Amino acid sequence: MKKENKKKKEKMLTDKGFELFYSNLSTRRQLIRNIWMTGIGFVLFIVGWFRGSIDKNLLLILIVVFMMSQAYQIGRNYMAWTEEKKKLEKQKLEQEKLEKYRQAQKQRKERQNK
């Protein structure tokens, strides 16, 4: 993917407010969504277990598959989120260094003009 397209996609990601599509969420919001969807999935499986509408063996297989997929998604999103946090912190440090450098240059110019 080109850098331009990647930057556009990063700008489009939603971190606040409602978003219908999962792929448009930021990694932090995807992580949050996966965590609460795990709870809702458990509730649905418990209701299915007590209603007896699905065979118990099939339900156990579905629970295992669901939990494995959720664990994978949560782990992947957590890793991506921590990577983003590290990149943002690094960018902030670089920005602060650049700002200090610019201020130092301004002070030098002011001293030279006096």
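None of these values were measured; they are calculated from a predicted model.
- Among all heavy-atom pairs drawn from L59 and I54, the shortest one is N-CG2, 4.2 Å.
- Once rounded to the nearest 0.5 Å, the distance linking CZ of R51 with CD1 of I46 reads 15.0 Å.
- Taken together through direct or relayed side-chain contacts under 4.5 Å among Ile, Leu, Val, Met, Phe, Trp and Tyr, F42 and L62 form part of one hydrophobic cluster.
- In Q95, the CD atom is not crowded: 12 or fewer heavy atoms of neighbouring residues, nucleotides or ligands sit closer than 6.0 Å.
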Show the atom names and distances, to 0.1 Å, of all donor-acceptor pairs under 3.5 Å that link a side chain in residues 75-93 to residues at least two apart or in another chain.
residue: R76; atom: NH2; partner: Q73; partner atom: OE1; Å: 3.2
residue: N77; atom: ND2; partner: Y22; partner atom: OH; Å: 3.0
residue: N77; atom: ND2; partner: Q73; partner atom: O; Å: 3.3
residue: T82; atom: OG1; partner: Y78; partner atom: O; Å: 3.2
residue: T82; atom: OG1; partner: M79; partner atom: O; Å: 2.8
residue: E84; atom: OE1; partner: T27; partner atom: OG1; Å: 3.1
residue: E84; atom: OE2; partner: T27; partner atom: OG1; Å: 3.2

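- Through direct or relayed side-chain contacts under 4.5 Å between Ile, Leu, Val, Met, Phe, Trp and Tyr, I61 connects to V65.
- In terms of the side-chain hydrogen bond (donor to acceptor under 3.5 Å, both in side chains) criterion, residue partners of T38 (sequence neighbours excluded) are, by chain and number, Q70.
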Which pairs of donor and acceptor atoms, one on a side chain in residues 98-107, lie under 3.5 Å apart (sequence neighbours left out)?
residue: Y101; atom: OH; partner: Q105; partner atom: NE2; Å: 2.9

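- With rounding to the nearest 0.5 Å, the separation of CD1 in I63 from CH2 in W49 is 6.5 Å.
- Hydrophobic clustering, defined by side-chain heavy atoms of Ile, Leu, Val, Met, Phe, Trp and Tyr closer than 4.5 Å, groups I40 together with I32, W36, M37, L44.
- In this structure, the ring-ring contact (aromatic ring centres under 6.0 Å, His included) partners of F66, at least two apart in sequence or on a different chain, are F45.
- Linking ILVMFWY side-chain heavy atoms closer than 4.5 Å, directly or via other members, places L60 and V64 in two distinct hydrophobic clusters.
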